[in-house]
Protein chains: 2
Amino acid sequence: MRYSTSHKEETRQRLLQSSREIAKRGGFDSTGVDALMASVGLTGGAFYGHFPSKQALFQALIEEEMAHSTELLAGEAGQDEDHVEKCLRQYLSHAHAQHPESGCALPALGAEIARAGSEVRSVVEQALKRTQKSWAGRTGDEDLAWALLAQCVGALVLARAVEGERTRKQILGSSRHFLAQALAAGKTARED
Amino acid sequence: MRYSTSHKEETRQRLLQSSREIAKRGGFDSTGVDALMASVGLTGGAFYGHFPSKQALFQALIEEEMAHSTELLAGEAGQDEDHVEKCLRQYLSHAHAQHPESGCALPALGAEIARAGSEVRSVVEQALKRTQKSWAGRTGDEDLAWALLAQCVGALVLARAVEGERTRKQILGSSRHFLAQALAAGKTARED
DNA sequence: GTCTATATCTAGATAGAC
DNA sequence: GTCTATCTAGATATAGAC
């Protein structure tokens, strides 16, 4: 064997990592297999030693993306509402809007996910539900938990769709401010 | 002249209309010029009699989309907060989630807009700001206006990205409920 | 495992006939 | 205006050498 036993897995991981970034920056459909392989120093033909098709890569990629985001957002048991507030601040940051390649997959690939097969969408659904349940437990409000998620994704989509830097910051700031108020209102209501 | 003077303009309008629907359903990049032309009964070569490039069509298409959405959402002078509530109900409806081809361009094409040139993004920005200003005037809250827009777009992205019908309805319902509360709270605050 | 070469298809765009 | 034919480039995927 000319390659170590771990080499294939390592290559697969590098390809997956690199593909995640490229897809979130430039879209998945619009990036060719050759370009994805070139990003890890290989040629297009080698791709099919790792994935049976480009769609299979998309599925694996979304699974990793959602697992990673869920880990960050849902957090660990025992954390309270402060964790949610911290997530919101980071998600709705200017840095996140400007760096889709290292950010959440949903604002960048949401539309492509919507067009994907039911397996991909099921993965996304389960991941979202886990974060929603976690946030619902911490805020005491099921609806609020979904609304926070939607607000995050929508604000990022809008922030990235506008041209002006000022408007981008306004959108993100308004969302942060609005959600902070909503969380504070919920907290007050529960303390009564 | 073998064609009436209005024929070219009519064809352009049919092409634009058809392209808007196809792009919102299947994505713009991933649909070929041939397919777009076939949808209005023509062949690919005829496209370039109407637009100099595929990107030029995207720009025209987004301009029409944003003008249309802004007309619906910003509404007319003299309307009050009820108009905003009506918009939210319609935007966050199950029908909207299930029919991207006749819905808002932002949840469907937001990521492609983000990757487009500055001209496209400027058009989007101006349109969004017009709706935001309109809603800010009616609700008396600049931040709330942006937050409502972001919530709408995000909820549609999430609703379309999940597999299960129940979860889809939950996301939309939670957003509607949450925003209704936020509007009511703002109203109360202003009446004090 | 990864290469090169290739098969097959489709893309965006142009040229010239009508 | 729209057609057909074509150019060039890129896509996904496969085959066989190494």
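Below, chains carry the letters A, B, ... as their sequence lines are ordered, and counting in each starts from 1. Computed from a predicted model, the values in this text were never measured in an experiment. Atom set for the values below is all heavy atoms of this structure, side chains included, hydrogens, waters and symmetry mates excluded.
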Undergrad: Can you give one letter per nucleotide of nucleotides 11-16 of chain C, going 5' to 3': B for a protein heavy atom under 4.0 Å from the base, S for sugar-phosphate only, - for none?
TA: SSBB--
Undergrad: List for me each residue that meets side-chain contact (heavy atoms from CB on, under 4.5 Å) alongside B:S6, sequence neighbours excluded, and say none if there are none.
TA: B:S4, B:E10
Undergrad: Run the side-chain contact (heavy atoms from CB on, under 4.5 Å) test against A:T11 and tell me which residues pass, sequence neighbours left out.
TA: A:H7, A:R14, A:L42, A:H50
Undergrad: Please report, rounded to the nearest Å, how far the P atom of D:dA13 is from the CE atom of A:M37.
TA: 13 Å
Undergrad: With a cut-off of 3.5 Å and sequence neighbours excluded, list every side-chain donor-acceptor pair involving residues 101-113 of chain B.
TA:
from, atom 1, to, atom 2, distance (Å)
B:E101, OE1, B:R25, NE, 3.2
B:E101, OE1, B:R25, NH2, 2.5
B:E101, OE2, B:H99, ND1, 3.2
B:S102, OG, B:H99, O, 3.4
B:E112, OE1, B:F28, N, 3.4
B:E112, OE1, B:D29, N, 2.9
B:E112, OE2, B:F28, N, 3.0

Undergrad: Does anything in residues 9-25 of chain A come within less than 4.0 Å of DNA chain D? Heavy atoms only, and list the residues if so.
TA: none
Undergrad: Run the side chain to side chain donor-acceptor pair (under 3.5 Å) test against A:Q13 and tell me which residues pass, sequence neighbours left out.
TA: A:E9
Undergrad: If you restrict it to nitrogen or oxygen atoms, what contacts under 3.5 Å exist between nucleotides 6-9 of chain C and the protein, and what is each distance?
TA:
none

Undergrad: Does A:K187 have any salt bridge (Lys or Arg N to Asp or Glu O under 4.0 Å) partners at least two apart in sequence or in another chain, and if so, which?
TA: A:E85
Undergrad: Which pairs count as salt bridge (charged side-chain N to carboxylate O under 4.0 Å, His left out) when at least one residue sits in residues 37-64 of chain B, sequence neighbours excluded?
TA: B:R20-B:E64
Undergrad: Among side-chain atoms of B:Q55 and B:Q59, is any donor-acceptor pair under 3.5 angstrom?
TA: no
Undergrad: Donor-acceptor pairs are to be reported for all side-chain atoms of residues 144-153 of chain B against protein atoms at under 3.5 Å, with residues two or more places apart or in another chain.
TA:
from, atom 1, to, atom 2, distance (Å)
B:Q151, OE1, B:S175, OG, 2.7
B:Q151, NE2, A:A147, O, 3.3

Undergrad: Would one find a side-chain N or O of A:T43 under 4.0 angstrom from OP1 or OP2 of C:dC3?
TA: yes
Undergrad: Only pairs at least two apart or in different chains count here, so list each salt bridge (charged side-chain N to carboxylate O under 4.0 Å, His left out) that has a residue in residues 174-183 of chain A.
TA: none
Undergrad: Just jot down the salt bridge (Lys or Arg N to Asp or Glu O under 4.0 Å) partners of B:R130, sequence neighbours excluded, or say none.
TA: none
Undergrad: Between D:dG1, C:dT2, D:dT2, which nucleotide gets closest to the side-chain atoms of B:L42?
TA: D:dT2
Undergrad: Between atom NE2 in B:H50 and atom C1' in D:dC3, what is the gap in whole Å?
TA: 12 Å
